[in-house]
Colleague: 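I am attaching a structure below and will ask some questions about it afterwards.
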Amino acid sequence: MKRSRIAFALSSVVFLVVLAISPVKDMLLEWKGYQKDYNRLIQDLPQRVAPAEIGIRQIWVPKLDRVDRCVTCHLGMKEKALAGAKEPFGAHPRIDHDVEEFGCTICHEGQGPATTYKESIGKVAFWEHPMLPREYIEAACGKCHKEKTVTHAPVLSAGRKLIEEANCIGCHKIAGYQRQWVPTLNGIGSKVNRAWLYAWLKDPKAYFPKTKMANFHFTDAEADIMADFLMGFTSFSDSASLDPLPAEAAAPTEAAKTALEELGSTRISEARCISCHSINGKGGSIATDLGKVASKTSQQWLYNYIKSPKRFQPKVLMPRFRFSDKDLAGVVTYMKTEYTDYDLAEPPKHTPDPQYYEKGLALFKKYNCRGCHELEGVGNTGEVGPELTFVGSKKLYEIDFGQSGIEESLPSYLFTKMTKPRVFSSVAKMPDFGFSPEEARAVAVALLGNTNERIPEEMQVRPKQASTYDPQGEFGKLVNDLACFGCHTMEGRGRLVATDLTQEASAAKRDWIENYFKVPYSLRPILTERMPNFRLSDPEIKVLTDYMSKVFLTDTLAHDLSVTEASAAKGKLLYEERYGCKGCHQIEGKGGYVGPPLDKVASRLQSGWIFHWLKDPQALRPESIEPNNKLSDQEAEALTAYLLTLK
Amino acid sequence: MKNALDRIVRSQVWRSIFRHGLPDSNRSRAETVFYNFFLHLHPTKVRKRSIKFTYTWGLGGMSFGLFIVLVVTGALLMLYYRPSVPQAYWDMKDLQFVVSSGTFLRNMHRWAAHAMVALVFLHMLRVFYTGSYKPPKEFNWVIGVVLFVVTILLSYTGYLLPWDQLSFWGISVGTNMIHAMPFGVGDKIAFLLLGGNIVGENALVRFYVLHCFVIPVVAIVLMAIHFWRVRKDGGV
Amino acid sequence: MILSRFYRMLTLALLAPLLVAGCGRVKEKPASLAANADSTQHVDSAAAAPAPVLSYEAQQGRNIFMKYCAVCHGTEGKGDGFNAFNLDPKPRNLTDGAYMKTLTDDRLAQTIREGGRGVNRSSLMPSWGARLTKNEILDVAAFVRTFAVDSAAAK
C-alpha cells in the first residue's frame, strides 16, 4: 500500500514536470530572444530608437492573402539609424514600395506566418516557396510588373530581353513575348555553301559570336546529315530566283578590278553598313557579321540580296539601297576581296548517307528547327518544350534533377538549365544558347517571375498594347522597303536605335528633313549607329516628307514667339551662365559632346519644339538624358529666342 | 476545524446533495451505492480475480482516459480552428507559430488519438483472449466492437481537418474506396459524406461536424452503456 | 499572489534541468545568426572584404550614374568622362577621398538635386531634382560614396 502511494506521488510530480515543459518553452521562444537583443542593441546607439514591445508583430495584406510575421524579429526595418546593423535588425534598403502595404513574402518568399528562423526561411517540409536568394530577388518584381522594361529591376528586364531575343517562344509557350524575325531557310541551298553550313551547324558562334542561333551540339554525322538535308532546299520563297551577276562585275584587268573595289569601298562606307553590321566584331550589333560573308555565300547571291533583300527574306529589316548595277558590282567585288575567310576548314570528305533526307527531316523535327526557321514543305511542329508561362510556380517534386548534383531549388535548376541545358537528362533536346552566368541568371530571374499567383488586377502593371500602326500607300511601301522600323519608332512600333519619329514634323523643319534624307549626318558625334544614305530619289523624299508633315505632328507643341534682341541676349546669358548648357552642347566649336551641336539649330528645329523641350525634355523623349531644369515660361522663351538666332 | 467541517456536513446544501451519512452499516453502504449518481455504476460485489491488474491491464480505463484528454485538447483546439478552405491550413500554422503552447496542444491531440486507436484495439484483443465476450456478456462485446469502429471514424474524420496535401489526398482515396460499394449505394454514401463529388469546403464542414459533435456524442452514449454493463457484470 | 509565486517557485525548482537545456539552446543561437549575417548582409566597410558588394541603394544608384553622370564624371568616377575635356572647371574627381569626406550626405544630395548653381559651384553641373526622384538622388549619392571608399582602400 505504501509503495503504491509513493509511486503515485512520484508519477504525479513527473506528470506535472511534463506538463510544465510547454509553458517553459513558451517563455524561451526564439523571437523573444531576438526582441530582447534588439532592445539591448538600440541602447548603444547614439540616436534614439523606440524599443520593441515584446510580442508578435505581423503585416496583414488581405488583397495579397498574406500574413507576414517577419517583422517580429526584423525590428529595425524602418529605422535609418540601423542601416547596416547586424541582421535581423538592419534597416530595409530604400525601395518604392511600402512594406506595410505589400508585406515581406510577396517579394522575398519564405514562410510568412512562421516565427522561427528555420521555418521562416521556408526550406522545410510542407512549405513550397522558400526564400528567393538575393541574386534572384528581382524575380518577385516580375510577378506584378509585366511590362517589358521594369525600372529599378535591371536583371529582370535584361532576362526578359534575352528571352525575347533568343526566341524561346519558338519551342516554349510563354505569355507576353513577341516572335522574332529569323531568316527563312527557303533557298538556303542556293545561298550558302556546304562547308560553311557544316561549320555553322557545328558551332554558330564560331562564325558570328553574337548570333542568337543556339548550339545544338550535333555530332559530326548529324551535322553532315543536316547539311546535306538543308542543301537540298534550293528554291526561294515566292519562287524568287537569282539574277546573273551584271556585266559590270566582269573585271578583265587588274586595274578594272581595283577600280571596282574602290567604288565598292566608297559605297559601303556611304551606306554606313557598319551602323548595323559588324566587320569581324567591329561595328553595329543589330545585324550579322560580314567579316567572312564571302566564304559563306556566292557573289551572285550577295548581288541579288543587296539589290532587293526582301525578295529572299520577306520580313528582314534590311533596307533596300538604291544602288546601280555598277555600284553593286563594286560592292560585291570589294566584299569578295575583303570578307573572305581563308581559314575556313574544308569539312572531311564524306559520302552522303543514302537516307539523308529522311534522317535530316527527322533531326529537323526532333530539334524543332521549324520553331524558329521557316522551311517550305516542313509543317509547323508547334511548341515541343514545356510551357513556361507559370514556370515560377513549379513545385520541387515536379522537377527531375537527374545526376546533376546541384542544390535542389527552382532558381538553381533554372540557372543550370540555361548554362548546361542537357545536364539533367540524356534525352534533353534543348540547345545551348551560350549564356554567360550573368545572362543565365537574368533569364532564370525572368522565368521565376512567371508565377500563377493571384495578384489583384489593380496591383498588376501590364505591358502596353502592341502598336497596330501599319502605314499604307506610297509611304507605307517606302517604310517597308527602307526597313525604317529596324531603327526608328513610329506611333509606338519599331526599335529605338534611332529617334522616335512620331512627332518629328513638330520637332524638325520640313526643309531640314528633306535635306537630311539627301545627306544624312549624325546629329551626335558620339553615336555608332548612324542613318545610312539610301540614295533616295527626289519623288521618294517628297513622299516621305509629305506624309511626315501631315501625320507626325502634335498640335499642342506649336508655340510661336517673337525674337527680340533683349530676349535673345537674356537667353544667351541663361545658356552660358545659369544653366551650363555649354557643358553638353557645342556652339562654334565650344562646349560638350553629349548633346547635338546647336550651331544651326534654328534651321533644324521648330520654335515650339525647342520651347517645350526646354520645359520638359522627357515629356517629349523619355529616353533623353538631358536634365530638366524646371525653367519658367519666361526663361524657356528667352532661351528659345536665343537658340532661334542660331541659323 | 472539526467544528467547521461538521457544520458544512450538516448544512442544508450538503444534505440536499448527499442524502445519507457516511456508510457505516451494510444498509447505508447499499444506500450509498444506489442513491449516488457516481457510485450507482458500481456492482454490489466484485470478484477478487478481476481486480488483479494483469487480468485487464487497465486498457479500457486508459482508453477512456485518452478520450478525456482528446475532449479537453479538442475543445481548446476548436477555439483556434475555423473549418473553411482559405482558413483551415493557416489556423494550423497559427497554432504552430503564434498560439501559446499551440504545438503542444496539437501534438497532444494527435498522439492521444493515435494511442487511443492502439489501446482500444489492444483492449479488444484482451477481451477476446480472456473470453470476456462469452454469454451473458455478448451484447457488451457488440457495443465494444461498435465503439472500436467509432474510434476509427473519429480518427479518420479528424484527418481531413488540417487541410494539407496529406489530409486532402487521404480523404480523397478513402472516399473513392466507398464508391466501390455495389448497386450505387457507395456513390450515394460518398456524396452524402462529402456534400458533393469532390473534397472541398462542404466536405471540410461535414467532417468537422462529424468529428467534433456527431461521433463524439455517439461515442459517449455507447460508452455509458458499455461501462454500466461492465460494472454490472462484475468487471472493473 | 502567494499562490502564483509558489507556483512559479515550484515550476522553477522542478524545471531547473530543463532551464539549463533551454539556455544551451539560447547560447548557440548567436552563432547561427552570425553565419546568417555573413551570407546575407552586405558588407559595411570595404576594408573587410576584397571586393565590396554594393548595397541595394548603391546598385540602383550605379545604373542611374552610368546613364546620366558617367559622360562627364567617368565610369570610375575620376572626372574623366569623354565629355570632361570640354569643361572648365573639370568635373569633380569623386574618388578623391579627402575631398569627399568634407561633403556631408545632405550637401552631396543637394548638389545632385540643385546642380552646381545650387551650391555656388560651376553651373556646368546640371540640376537633377526634376529628372530624378528624391530616392533616386539618394541612391546616386550612395553609389558616389563607394568611389572614395575604393580609393581609400587602395592606398
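In the text below, chain A, chain B and the rest are named by the order of the sequence lines, each starting its count at 1.
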Colleague: When you look at CD of Q618(A), are more than 12 heavy atoms from neighbouring residues, nucleotides or ligands closer to it than 6.0 Å?
Modeller: yes
Colleague: Where is the tightest heavy-atom contact between N629(A) and S127(C), given as atom of each residue plus distance?
Modeller: OD1-OG, 3.3 Å
Colleague: Report the distance from atom CZ of R94(A) to atom OG of S55(C), rounding to the nearest 0.5 Å.
Modeller: 8.5 Å
Colleague: Counting neighbours of NZ on K134(C) that are heavy atoms of other residues, nucleotides or ligands and sit closer than 6.0 Å, is the number greater than 12?
Modeller: no
Colleague: So, do R117(C) and Y579(A) sit near enough that their side-chain heavy atoms are less than 4.5 Å apart?
Modeller: yes
Colleague: How close do P93(A) and E57(C) get, heavy atom to heavy atom, and via which atoms?
Modeller: CA-OE2, 3.2 Å
Colleague: Looking at E588(A), I want to see if its CD is surrounded by more than 12 non-hydrogen atoms of other residues, nucleotides or ligands under 6.0 Å.
Modeller: no
Colleague: Considering only heavy atoms, which portion of E135(A) lies under 4.5 Å from any heavy atom of chain C: side chain, backbone, both, or neither?
Modeller: neither
Colleague: Can you check whether H152(A) reaches E136(C) side chain to side chain, under 4.5 Å on heavy atoms?
Modeller: yes
Colleague: Need one label for L138(C): side chain, backbone, both or neither, based on atoms under 4.5 Å from any heavy atom in chain A.
Modeller: both
Colleague: Need one label for D88(C): side chain, backbone, both or neither, based on atoms under 4.5 Å from any heavy atom in chain A.
Modeller: neither
Colleague: Working to the nearest 0.5 Å, report the span between CG of N628(A) and CG of L132(C).
Modeller: 10.0 Å
Colleague: Looking only at non-hydrogen atoms, find the nearest pair between R131(C) and S624(A) and report the distance.
Modeller: NE-O, 4.3 Å
Colleague: Specify the closest pair of heavy atoms between V594(A) and F82(C), including all atoms of both residues, with the distance to one decimal.
Modeller: CG2-CZ, 4.2 Å
Colleague: Taking side chain as everything from C-beta outward and backbone as N, CA, C, O, which of these in D616(A) sits under 4.5 Å from a heavy atom of chain C? Side chain, backbone, both or neither.
Modeller: neither
Colleague: For a quick test of reading the model, state the closest non-hydrogen atom pair linking I95(A) to Y56(C) and the distance between them.
Modeller: CG2-CE2, 3.5 Å
Colleague: Could you measure the distance from the NZ atom of K630(A) to the CD atom of E114(C)? Nearest 0.5 Å is fine.
Modeller: 10.5 Å
Colleague: Quick one: what part of P627(A) sits under 4.5 Å from any heavy atom of chain C, side chain, backbone, both or neither?
Modeller: both
Colleague: What part of N63(C) lies closer than 4.5 angstrom to a heavy atom of chain A: side chain, backbone, both or neither?
Modeller: side chain
Colleague: Can you tell which part of I137(A) gets under 4.5 Å to a heavy atom of chain C, answering side chain, backbone, both or neither?
Modeller: neither
Colleague: Tell me, for C581(A) versus chain C, whether the close heavy atoms (under 4.5 Å) come from the side chain, the backbone, both or neither.
Modeller: neither
